[in-house]
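Read through the structure below, which is laid out as structure tokens, and then see the notes.
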Amino acid sequence: MRFKDPKMLLTFGVLLIFEQVWSAPTEGDQSLVVSSTVPSEPKESVEKESKPVGTAPTVPQIYQMHVKSNISNRFAHTTVTSRVRNFADKAQEAVFSIVLPESGFISGFIMEINGKNYTAYVKEKEEAKRDYDKAVASGLGAAHVAVSARDSNRFTVSVNIEPEAKAAFYLTYEQLLKRQDSHYEQVINIHPGQPVKDLSVEVLIAESRKIVGLKAPPLRSGNEIGTDKPELDPRADITIVNDTAAVVTFTPNLERQKQLASVLGTKEENGLSGQFVVQYDVERDPSGGEVLIQDGYFVHFFAPTDLKPLPKQVVFVLDTSGSMWGQKIDQLKQAMLNILDQLNEQDTLNLVEFNSNTKVWNIDNTEESVWYPRKNSFYYYTENSDIQEKVVTLENTTFPPAYPANADNIKKAKEAISALKSDGSTAMFGGLQVGLRLVELARAQSDKIKRQPIIIFLTDGQPTDLSTEDIITKITELNSEAKKSAIFALSFGDGADKEFLQKLAIRNSGFSRHIYEAADASLQLQDFYRQISSPLLSDVTFKYEPSITSLTKTDFPIHFGGSEIVVAGFCGTGSPIPIIDGTGIYGPISLKPVVTTSISNTERLWAYMAINQLLEKKEASDSDKDKLKKQALDLALKYHFVTPVSSLVVVKPNDTSAVDTEEAKQGGEFSIQMYPIVMGSTLAPFLTTPFCFIPTVPTTDMDLILDSLPWLSGILDNGFIKTPKGSYKLGLNETISDIVTCPKTPLNQEGHCALLHECAEVHSSLETPSNFFDHFCILKNEFAGVCCPN
Ligand SMILES: *[C@@H]1O[C@H](CO)[C@@H](O)[C@H](O)[C@H]1NC(C)=O
Ligand SMILES: *[C@@H]1O[C@H](CO)[C@@H](O)[C@H](O)[C@H]1NC(C)=O
Ligand SMILES: *[C@@H]1O[C@H](CO)[C@@H](O)[C@H](O)[C@H]1NC(C)=O
Ligand SMILES: *[C@@H]1O[C@H](CO)[C@@H](O)[C@H](O)[C@H]1NC(C)=O
Ligand SMILES: *[C@@H]1O[C@H](CO)[C@@H](O)[C@H](O)[C@H]1NC(C)=O
Ligand SMILES: *[C@@H]1O[C@H](CO)[C@@H](O)[C@H](O)[C@H]1NC(C)=O
């Protein structure tokens, strides 16, 4: 797991200093005014407005911010222009800070200072870093990153500006809009940090097919969903040029910016901070989609409208470990109640929860629910009170069946969900392997309907039964043996290992999503479920003539209603008409697209997709990482995209001082909630994550001891340990100072009897109940103890 300490990021060097800054401050302000470079902004009027008598403004003023987004065939090219001016009588730092969508690649950046343009270019990350280090070593500082909206990256550059001087920043980024819930969405982040006199956003849309459902919904904070407030209506100006072209503009004046800021919950003087959104869809070809060609490159948009959803077998594998306690499990329950209502009658469902062990709910009779032990064995008493170990396997365990999603079963499943409790550790492998077994069993059932298996796996933590690498390897292997279930992995909150879950999902025909720990978590879960609720086709393959090359991905395990498959490639003068094969509700089908000339360049779109897919493959790969990285880098350099493998460098015309604008990694949280580690327990060192959960989780100590002594769950019953000598309390709440001697410690030392949680040093020697029973002792006639070194 890799945590980025947000504090580190914030305190990381911030200044990009140009040499002239250090020249002696000039006396007469006016003599240096460079207003002539921006004739549209009369100096006097701005000065009057913004230079309060007596005090100088503490930050240079942004007097203009224009965002222009040009979308052609869902590929968006967005330029942000920001112009600032320093009204103070000493040099000041101007910060240009832009939040861009996670899917956006920066493709250009220019700084205009004192009428001179400094153009950035894209370099390999390590090389850029060397330039950057050199600049730092020679006394020139540089760039930093911080993130402030979900699923977004922040780009920040700071420049010192001389008194009365102006600067302008031009940033360009590009991205392919993704279709979700049957529309495309362009989200423009606006965070100037101050009210801006001339603020405008202009979105130009040009498509090959008719535009439908165009609108600009209420502004969003970017950190919460489902709170569309009518007061946040952007009052955007929507101009329909013709069937296939439109322009949407948003130009709030200072007054309106302040109003919106206060509704969005930010200080008025910090200006508008939120997201302006434009949504639309296009009219589609009902079957094979449309292929658009230009200059030898093509792109194929596929979203058939004539298909009925496939029936599905949904297996929910939910983490109910101790760390889910409190708000998280409540939000999970709330989301599940809603999700269960959305299942279709022909679907089936299973509820699996996992913590220290795995439980498959029998919704007909919850008493008959089946616990599967994580160590494939449990302990029981024989008639003469001996403890025996019983080995079980997935094959010889009888699990509850997949339940048809009829009204009666949905009601029972909801009761089961309401009864979920959080406790114990996080045996992820256990949960997943049982989930796969249920898919296998359902497939074998003699039911005529073939269902698409979908495993929805949710966790908020780290696995405690196997390493993440082993889980990926073993689950992928188990899943490939004729089961082929799509696994969708949800990481809930900061404690979850996003990279691991992403890899797991990608290798198992699914994808992963992050659920931010916030008031709207339950809505985020429902939002996610909507995306996968309607599988239309499985095993979709695009088959091309051999003359078609440089193809992006052509195999898709499942196509979901409301989304879109995009394939791009190089066709030269050939004709890229694929046969699209897939399996629908009535069996295998083949489809063909319609072909037209594109209204825009398709090569950059192709390059954007190719890089993204290479990077995704690299993340999921173990062996080809370097090769894939190299391929992605070559493309990124050729097309000038800033990606996780390339960086942007600003070099002054005459020398090497450079700026590395490191991109923030995916999915920044607005506020990462950090709690100090307050465990008050000798077991605290076992805790591996630097972020502790809420310190008051009542089950934490139990969690820790079960992590440390996994076999304990097999002989633990309601706080009592069953031993050959009878049942004794575990006594997690207790501290016992009585000195009771005992024969020998597990390491054969002299010892005294101590409660298990008070003697962590012997845990590693206690591998089975019988090890423990060999060193077992009794305290105060009621507590189970272990012989602990003096
Ligand atoms: C700097 O680049 C921007 C963006 O391309 C351009 O609009 C501007 O005129 C340029 N300024 C100078 C001084 O060349
Ligand atoms: C629609 O308007 C755009 C932009 O003005 C233009 O390029 C395009 O040719 C027009 N399309 C049609 C079908 O008139
Ligand atoms: C299950 O299978 C294992 C391994 O074959 C065996 O040791 C065990 O006794 C079986 N358990 C039951 C309950 O049949
Ligand atoms: C928008 O982008 C398209 C395709 O890249 C280009 O042809 C067009 O000129 C651009 N329009 C504007 C107004 O920038
Ligand atoms: C060019 O760079 C060198 C070395 O960093 C520096 O000493 C010199 O002043 C620079 N010249 C100009 C014109 O900025
Ligand atoms: C431990 O203490 C907590 C809080 O005081 C209490 O709720 C719980 O019942 C106690 N557990 C046992 C096993 O005594």
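Everything numeric in this text was worked out from a predicted model, so none of it was measured. Counting starts at 1 for both ligands and their atoms, following the listed order.
Note: Y297 and W606 have tilted aromatic rings, judged against thresholds of 30 and 60 degrees for the angle between ring planes. Aromatic ring orientation, F399 versus Y372: tilted (interplanar angle from 30° to 60°).
Of all atoms in ligand 2, listed by their number and element, those nearer than 4.0 Å to a heavy atom of A245 are 1 (C), 2 (O), 3 (C). Residue T244 approaches ligand 2 through these ligand atoms, each under 4.0 Å from one of its heavy atoms: 11 (N).
When all heavy atoms of S598 and Q294 are compared, the closest pair comes out as O-NE2, 3.6 Å. When every heavy atom of Y184 is checked against every heavy atom of D281, the shortest pair comes out as CE1-OD1, 3.5 Å. Shown here for R209 and R284, the closest heavy-atom pair between the two residues is NH2-C, 3.7 Å.
Counting only non-hydrogen atoms, the option in V241, N242, L204, V247 that gets closest to atom 14 (O) of ligand 2 is N242. Considering each of N376, T398, L394, N396, the one bringing a non-hydrogen atom nearest atom 6 (C) of ligand 3 is N396.
In this structure, the protein non-hydrogen atom closest to atom 8 (C) of ligand 1 is E112 OE1, 3.6 Å. Shortest contact from atom 13 (C) of ligand 1 to any protein heavy atom: G115 O, 3.3 Å. Residue, atom and distance of the protein heavy atom nearest to atom 4 (C) of ligand 3 are T393 CG2, 3.7 Å. In terms of protein heavy-atom proximity, atom 5 (O) of ligand 1 is closest to I110 CD1, 3.7 Å. At the top of the distance list for atom 11 (N) of ligand 1, counting protein heavy atoms only, stands N117 ND2, 3.0 Å. The protein heavy-atom contact nearest to atom 9 (O) of ligand 3 is V391 O, 4.0 Å.
Distance screen at 4.0 Å: atom 2 (O) of ligand 2 has a protein heavy-atom neighbour inside the cut-off.
Salt bridge status for E185 with R179: absent, with no side-chain N to carboxylate O gap under 4.0 Å. Look at R437 and E440 and you find a salt bridge, because one of the NZ, NE, NH1 or NH2 atoms lies within 4.0 Å of a carboxylate O, short of that distance.
A cation-pi arrangement is found for R604 relative to F641, the charged atom lying closer than 6.0 Å to the ring centre and inside a 45° cone about the ring normal.
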